[in-house]
Structures are given as structure tokens and as C-alpha cells.
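So the structure is just underneath, and the comments pick up after that.
Basis for what follows: all heavy atoms, side chains included, without hydrogens, waters or symmetry-related copies.
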Amino acid sequence: MKLETQTEQIISETVTVYGLSPQIGIHALAQTVNALAAQGAVFSVCPETTTETSAGVTVQIACPEYIFKSRIHKIEKLLKKACKKYNINPDRIQASVNPAVQVIAVTVTGIAKAPKEETWNRETARACKDIVFVGYAGMDGMLRITEEKEQELKTRFAPVFLKQVLSYEQHIFALREIEAAKAGGAFVVRQVADGGILAALWNLALELEQGLDLDMKKISILQETIEVCEHFRLNPYQMISTGSFLAVTDNGEVLADALNNQGITAAVIGHTTDNNDKILRNGEEMRYIDRPAPDEILKLYSGGMNDGRIKKADTPVSGEA
């Protein structure tokens, strides 16, 4: 939702994340504030330097009857800690038991002020604009899988591997990265959220009313993500990727170089075209991006790797044997 005045806009975003780990509230908060930042909201990671809060959030936690109160308190504690770090005002955090839910559902609604954006038009978004992907495909999904299925993964992977996976949690808040991309010339920034990078690209093409020509091998993905997704037979390109985003700009190489020089992973993955085709190239192979499918991570709650699906994910992973 967006309400505009003469000088600024009030923007809001609502995100619901499902799971059982105490960290699910952090993932919902990160997805919410990243979306607000992409629309122009500014967040401070040094709250001691300012007295004005960046945004306000309300949180609703719906729990199945079997969940212990200690788990709810841990979710609330982690949320409050993150809000303090990013100078966010937690207006209300409310938990309730709901017999209709099978896992915990955390819904975060964020509201923030932002400068009024200049309306970008079809000329601004004309064909042959570069598309830069910032971050790693499926990284947030990998984290959530590991948090939910840690005991199972301990039987497959070494402790040092799982420790490395969990270390990426610090990257799901992409506020610095979004600000840097805008400063570097990105005039459209869109978070890669539910449905993964493929859903984000489809939605971007619809928004711009342009086609896409993309190189799948340019999409950054962590080896840890590939291995965790292979274990559960999930497609990382159709999995939640909070902390990553797409940036549209005139000169993608300049923007990508500027971000990489700041320690931010970024690469030009393609460009817009003057037709409606959404082409995804993988070496000599070419395919068209399909309409967004449900996020792969939901399969964890509908049978997982024992639900009768074929052994490999539908979309080959770049670098997959």
C-alpha cells in the first residue's frame, strides 16, 4: 500500500512466514523492511546516532496448540533485538493460539515514510536496460531449511558446513545494499521474495511491460544452497531469497563493479527487450520463464523429499553435476 502527499509517501508492506524455528520472525521482519527500503524508506543501523525511528511494525504470531510458550518468547526476543538494531519501532507484538494452523505463522506489517519518488515511465524503462542481480539465489530459503531441519542435516553434513550456512543470516537484511544500488544509478529496485529469482524476474517484466533476455549462469548461488536443496530435492531458483534483489539501470557493469568494490555480490544477468518474451539462457539451452509457482520451501510441509517427486529439481542448478 502507498499513500502520497505533496512531499512524501507513506508505504506499508505485510509479510507472513511459516515454520517452527525461533528465527522465523527475523525472516519476516527482514523481508518486510527490505521491501520498504526498495520503495524508498531509509533505515539506520546506528540507532544511537538518531532519535527518530525509521519505521513501525506490528507483529502477529499464530501458534498451533502444541507449541511451548518458551518458543514464542524466543521469537519475540529475537524480533525486538532486530528492531532495536535497525531503529524500528515494534508497535505491537501479539501471540495467540490458533488450532487451525499446523506450524507457527508470523505476520509482520511495516509502515514507513519515504521521499516521494519520481514516477518512472516507459521511456525510463525502455528496452535494453541492464538487469543486475544483487545477492545469492535461494540463500534465505537455505537458511530457513537449515533452521527447520537442522537435526536431519546433521546426519548428512559436517558441523563446519552447517556453521557456514547459518553464518549467512547476517545478509538477509539488505538495507545497505539497496541504498548503495540506488546511489549507483538503479532506478528500479525489487526484492527477490516468495517464489525466488524466477518469480521476481517474471513480475519485473510485467511491471516494466518489457521482455527479458537473461543468462542463468550469471545468477549467483552459494554451493551450500545447492547442496541443501539437493538433499530435499528443491529448486533454489524458485525459493525465497530475502536479502537479494534486482536492480534495473542504464549501465549494469558500472553498477555491478561499484557494488562489488563495496563487498556486495552483484552481476549483470541480462537486459530488458522490446517484446514480451522472457528468455532464460543456460549455455546453449534456451527456455522461457514460466508463471510464478508456489515457493519451493512450502514443500517442507507437504511431504518434503518423501512426497514422490522425481529425484532432481525441475530446473537444473548452475554448476550442478
Side-chain angles (χ1 to χ4, degrees), residues 2 34-35 37-40 114-139 174 176-221 236-238 241 243-293 315-319:
K2 182 184 298 185
N34 288 347
Q39 298 176 70
K116 189 174 182 180
E117 292 182 327
E118 294 184 13
T119 303
W120 53 270
N121 52 37
R122 299 297 168 246
E123 177 64 20
T124 303
R126 65 188 182 276
C128 295
K129 294 295 185 180
D130 288 338
I131 300 172
V132 176
F133 176 58
V134 183
Y136 299 100
M139 184 191 72
R176 180 178 74 92
E177 291 83 351
I178 291 172
E179 183 178 358
K182 290 188 172 185
F187 55 82
V188 176
V189 175
R190 295 294 179 264
Q191 181 178 206
V192 180
D194 293 336
I197 182 69
L198 296 184
L201 288 166
W202 173 279
N203 293 329
L204 179 67
L206 292 186
E207 182 178 355
L208 298 180
E209 297 184 6
Q210 300 282 345
L212 304 174
D213 194 324
L214 307 157
D215 184 349
M216 191 170 187
K217 291 184 180 295
K218 297 293 182 65
I219 299 174
S220 299
I221 185 168
Y237 297 104
Q238 291 178 280
S241 302
S244 65
F245 58 92
L246 299 168
V248 183
T249 185
D250 289 312
N251 192 323
E253 293 295 344
V254 170
L255 175 58
D257 287 346
L259 293 175
N260 284 310
N261 287 337
Q262 298 177 60
I264 300 170
T265 299
V268 181
I269 63 171
H271 59 268
T272 60
T273 62
D274 59 359
N275 54 52
N276 292 323
D277 294 337
K278 305 169 187 66
I279 298 172
L280 185 62
R281 305 180 190 275
N282 189 8
E284 296 182 357
E285 297 180 5
M286 185 190 82
R287 55 166 287 197
Y288 294 93
I289 299 177
D290 296 324
R291 290 180 179 275
T315 302
V317 174
S318 181

For this session: Output the distance between atom CD1 (I131) and atom CG (L255), rounded to the nearest 0.5 Å.
Result: 12.5 Å
Exercise. Which heavy-atom pair separates W202 from D290 by the least distance, and what is that distance?
Worked result: CE3-O, 3.4 Å
Problem set entry | N34 side chain to A174 backbone, donor-acceptor under 3.5 Å | yes
Problem set entry | Closest heavy-atom pair and its distance - F245, Q191 | CB-CA, 3.8 Å
For this session: Go through K278 and L201 one step at a time and tell me if the side chain to side chain contact (heavy atoms under 4.5 Å, CB included) criterion holds.
Result: CA-CA 8 Å; K278 305 169 187 66; L201 288 166; over 6 Å; no
For this session: Identify the heavy atoms of L259 and A180 that sit nearest to each other, and give their distance.
Result: CD2-CB, 3.7 Å
For this session: Evaluate the side-chain proximity of I219 to L214: yes if any heavy-atom separation is below 4.5 Å, no if none is.
Result: no
For this session: Answer yes or no: is there a donor N or O on one side and an acceptor on the other, between the side chain of N275 and the main chain of D277, under 3.5 Å?
Result: yes
Problem set entry | Option passing side-chain contact (heavy atoms from CB on, under 4.5 Å) with V132 (candidates V254, V268, I269) | V268
Problem set entry | CD/Q262: more than 12 non-hydrogen atoms of other groups inside 6.0 Å | yes
For this session: Taking the side chain as every heavy atom from C-beta outward, state whether L280 and Y288 have any atom pair closer than 4.5 Å.
Result: no
For this session: Decide yes or no for D130 and E253: does some side-chain heavy atom of the first lie under 4.5 Å from some side-chain heavy atom of the second?
Result: no
Exercise. Is the backbone N or O of G185 less than 3.5 Å from a side-chain atom of T249, with the two atoms forming a donor-acceptor pair by type?
Worked result: yes
Exercise. Are E177 and T265 close enough, and set up right, to give a side chain to side chain contact (heavy atoms under 4.5 Å, CB included), and what steps lead you there?
Worked result: CA-CA 9 Å; E177 291 83 351; T265 299; over 6 Å; no
Exercise. Mind checking whether L212 and T272 have side chains closer than 4.5 Å, heavy atoms only?
Worked result: yes
Exercise. Is the shortest heavy-atom distance from the side chain of V134 to the side chain of I178 under 4.5 Å?
Worked result: no
Problem set entry | Contact check, side chains of L204 and V188, non-hydrogen atoms, under 4.5 Å | yes
Exercise. Are side-chain heavy atoms of R190 and E207 found at a separation under 4.5 Å?
Worked result: yes
Exercise. Between D215 and G270, is there a donor-acceptor pair closer than 3.5 Å when you use the side chain of the first and the backbone of the second?
Worked result: no
Problem set entry | Atom pair CE/CD1 of M139 and I221 - distance to nearest 0.5 Å | 11.5 Å
Problem set entry | Beyond-backbone contact of N203 with P292, side-chain heavy atoms, under 4.5 angstrom | yes
For this session: Drop me the distance from N282's CG to R287's CZ, to the nearest 0.5 angstrom.
Result: 9.5 Å
Exercise. Minimum heavy-atom separation for S241 to G138, with atom names?
Worked result: OG-N, 2.7 Å
Exercise. Step by step, would you call K182 with V189 a side chain to side chain contact (heavy atoms under 4.5 Å, CB included)?
Worked result: CA-CA 8 Å; K182 290 188 172 185; V189 175; 4.0 Å; yes
